[in-house]
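The next block holds one structure in the form of structure tokens; read it before the comments.
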2 protein chains.
Amino acid sequence: MTQPTMRQVAERAGVSIALVSLVMREAPNVSDYRRQLVVDAAAELGYRPNVLARNLASRRTNTIGVVLNDLHNPFFAEIIDGLQNAADAAGHQVLIGNGRHSKAGESEMLETFLQFRVDGLVLVGSTASLSTIEAAAQITPLVAVGRTTRSKKFDTVNTDDKLGARLAVEHLLALGHSRIAHIDGGSGAGARARREGYAASMTTVGMADHISVARGDFSEIGGYKAARELLSRRQVPTAIFVANDLSAVGALDRAEEAGFCVPTDMSIVGYDNTSLAATHHLSLTTINQPREELGRLAFQSLLERLKSGRTAAVHRVVAPSLVKRRTSGPVHSREQAR
Amino acid sequence: MTQPTMRQVAERAGVSIALVSLVMREAPNVSDYRRQLVVDAAAELGYRPNVLARNLASRRTNTIGVVLNDLHNPFFAEIIDGLQNAADAAGHQVLIGNGRHSKAGESEMLETFLQFRVDGLVLVGSTASLSTIEAAAQITPLVAVGRTTRSKKFDTVNTDDKLGARLAVEHLLALGHSRIAHIDGGSGAGARARREGYAASMTTVGMADHISVARGDFSEIGGYKAARELLSRRQVPTAIFVANDLSAVGALDRAEEAGFCVPTDMSIVGYDNTSLAATHHLSLTTINQPREELGRLAFQSLLERLKSGRTAAVHRVVAPSLVKRRTSGPVHSREQAR
DNA sequence: CGGCGAGATTAGAGCGCTCTAATATCTACT
DNA sequence: AGTAGATATTAGAGCGCTCTAATCTCGCCG
């Protein structure tokens, strides 16, 4: 159970420890002859470099830590996919830590990664306080994904949520809707920008008096409850723009339960374009966030700090797009007639 | 950007490095007076222990590695939840690596964790070869979740999938169905046991000639295609037991598309009881796997090997249960009459 | 044939910590 | 006061690797 070390490999190969080190790091200027000796000896012994020792000595870990808060949300999984592809290509390892929806859990995870001396840190959908994040950013390059807070200490990567909201509203307007309501994401990441985007778009087209927002929390049940409230208001909307897909599912539920036929009587548009929205069964019209790209850009930001030593914060924004599916349609004539 | 070390803390506090080490490890037999000196000095310097050095010196990492293959499947996320709760309670860190559906990716992740000298390894839904896993298990305690292969080298934690399949079949039988088909999970983890459980249950009740299996792959699209095939067979089933929830959604899609009304004309039962199945909108009847417990037991297995030095393999099995929802119902009279 | 320089190899000093063994300090008793 | 027996503290030798600087090799040139 005790693993062989370089020393043993060196002895077996009849060379110095330093040479073994060079071979392990695939350094140039090692003769093929000795390289082979070392490779063989290592194979025979089942030698495996000790990353701890290597990192300690080299003061680099070649590893970046990702702090996540919701393993259940496919949205995050796809960000990681993009991140990991980019990291792989650059020869970096990715380790994931679960903050588990709590600020305490998140900063604990942050601390763990700092203790591991990771080369960089990515926070996805973080709700940690600005000061916590800035403190960590002081120590190691850091980028936050999906956090609109601008800071000079760390980078961010975001979708233009205001634009996303506008796309949703304009889509519904084009279908003839005017009583367009919004179920928001409460204090969650990106909720505010989407809410503001919705309100701004409505105002722009002179429908400020149709603005109607119900509070949600990005969860399915939250969407359900918010929809229940909306549908019992005096002015029943003909369309609802919901702040994320999960909530949209809840809203859809409630609408159908209340006897509305979607999309005939009621159009619903979600946000994120998670795999959930794409299921045929749901086929939810939604706003796509380019998740893989978010992940890719996050890594790129880190790499820039790592390689070129950039220290000035960079804030990247990517564009969302509309994905039309089956939950949105032209406003019903009967409704229009009213 | 360069972090303070114990040496500096020791100097500032006017004590030895060893004493700082003791304080950091919360050792007993340190006077309150000096402890305070050290704690203060550390705080002033913003000292943070270097886990790499600590682990190198102590030959323990206090960290367990989890190799996952599908970040998108909520099923796995919940296993991690259970695992992490248990690990937390025992003061262990959990780091997650993504094998990304490929054997290569998986063994690369395995290698990474081994290089990190993690204290233990958990494989979730692994498809790596037995020899790969056994090789890793040779080096560090290892437990596989959802892998039915028995090995003397590592522990496993599983749901009793045969029983799960039986529960599904018996539920459908009780509703009056006889033409019960199965969409399997191909070569995925647990697929075989579910398939066999289905066949066995059908045989037991004398319906061996109604056995009808279509090949799936645990994906939504796989379920869709398999259902299309099943519904075009001469003997159209009145119920389908699908090997997991995701595929069940695909099957449901196809059934509705083909004009079947669920559950009036067609009952569908899934497997896993993921959050997907629980959405009101789907409300899928399914077989529950106690995911948190799977995670908890996995950690427990590891802990036993770590603490009590157990080396004999232990294979734990937990019981699944039926969750009735809206996609299963009594067989339609018209169907019965045929 | 001595000398030069590029390439190949190695010695050895850390990296920041833990841990054993030794030493110092402090009771409590005789 | 002297001492056994804790209890506190520390020196110093690693842990397994990297990296700089020094040394060794050898083909090649004048």
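Everything quoted here is computed from the prediction, not taken from an experiment. In what follows, chains are A, B, ... by sequence order, proteins preceding strands, each numbered from 1.
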message: Checking contacts here: which listed nucleotide (D/dT10, D/dC15, D/dC17) is nearest the side-chain heavy atoms of A/A53?
response: D/dC17

query: How long is the line joining CG of A/D32 and P of C/dG7, in whole Å?
result: 15 Å

- request: Could you check whether B/R60 gets within reach of a base, just the sugar-phosphate, or nothing at all, counting any heavy atom under 4.0 Å?
  value: sugar-phosphate

query: Ignoring hydrogens and geometry, is there a side-chain-to-backbone donor-acceptor pair from B/H315 to B/S151 under 3.5 Å?
result: yes

- prompt: In whole angstroms, how far is the P atom of C/dC17 from the CG atom of A/L52?
  reply: 14 Å

- prompt: C/dG16, D/dC17, C/dC19: which one has an atom nearest the side-chain heavy atoms of B/S58?
  reply: C/dC19

message: Just N and O in the side chain of B/R25: are any of them under 4.0 Å from OP1 or OP2 of C/dC19?
response: yes

task: Determine: side-chain N/O of A/S16 to OP1/OP2 of C/dT10, distance under 4.0 Å, yes or no.
output: yes

- prompt: What nucleotide, of D/dT10, D/dT18, C/dT10, holds the atom closest to the side chain of B/V15?
  reply: D/dT10

task: Figure out the CG/P separation between B/N50 and D/dC15, and round it to whole Å.
output: 18 Å

query: Should B/R34 be listed as having a side-chain N or O under 4.0 Å from OP1 or OP2 of D/dA8?
result: no

field: Closest to side chain of B/N29, choosing from D/dT7, C/dT10, C/dG16
entry: D/dT7

query: Closer than 4.0 Å, any side-chain N/O of B/R54 to the OP1 or OP2 of C/dT18?
result: yes

- prompt: Within the structure shown, what part of the strands sits under 4.0 Å from B/L22 by heavy-atom distance: base, sugar-phosphate, or nothing?
  reply: base

query: Base, sugar-phosphate alone, or nothing: which one does A/P49 contact when heavy atoms must sit under 4.0 Å apart?
result: sugar-phosphate

message: Using a strict threshold of under 4.0 Å (side-chain N to carboxylate O), is an ion pair present between B/D40 and B/R12?
response: no

message: At 4.0 Å (heavy atoms only), tell me whether A/R35 reaches a base, stays on the sugar-phosphate, or touches nothing.
response: nothing

statement: Side-chain contact check for A/Y47: nearest option of C/dT10, D/dC17, D/dG16 is D/dC17

query: Taking atom P of D/dC19 as reference, at what distance in whole Å does atom CE of A/M24 sit?
result: 15 Å

message: So, taking the atom named CG in B/L110 and the one named CD1 in B/I133, what distance separates them when rounded to the nearest 0.5 Å?
response: 7.5 Å

task: Among D/dG16, D/dT18, C/dT9, find the nucleotide with the atom closest to the side chain of A/V30.
output: C/dT9

statement: Against the side chain of B/A57, the closest entry in D/dT18, D/dC15, C/dT9 is D/dC15

- prompt: Under the 3.5 angstrom rule, does the side chain of B/T63 hit a backbone N or O of B/T61 as a donor-acceptor pair?
  reply: yes

task: Looking only at side-chain atoms of B/A18, point me to the closest of C/dC17, D/dA11, C/dT9.
output: D/dA11

message: Quick check on C/dT9: is either OP1 or OP2 less than 4.0 Å from any side-chain nitrogen or oxygen of A/S31?
response: yes

query: Between B/I17 (CD1) and D/dA8 (P), how many Å, whole number?
result: 22 Å

- request: Starting at atom CG of B/L19, determine the distance to atom P of C/dA24, rounded to an integer number of angstrom.
  value: 16 Å

message: Could you measure the distance from the OG atom of B/S126 to the CE atom of B/M109? Nearest 0.5 Å is fine.
response: 13.5 Å

Distance in Å, A/L95 CG paired with A/L121 CG, rounded so as to fall on 0.5 Å steps: 11.5 Å

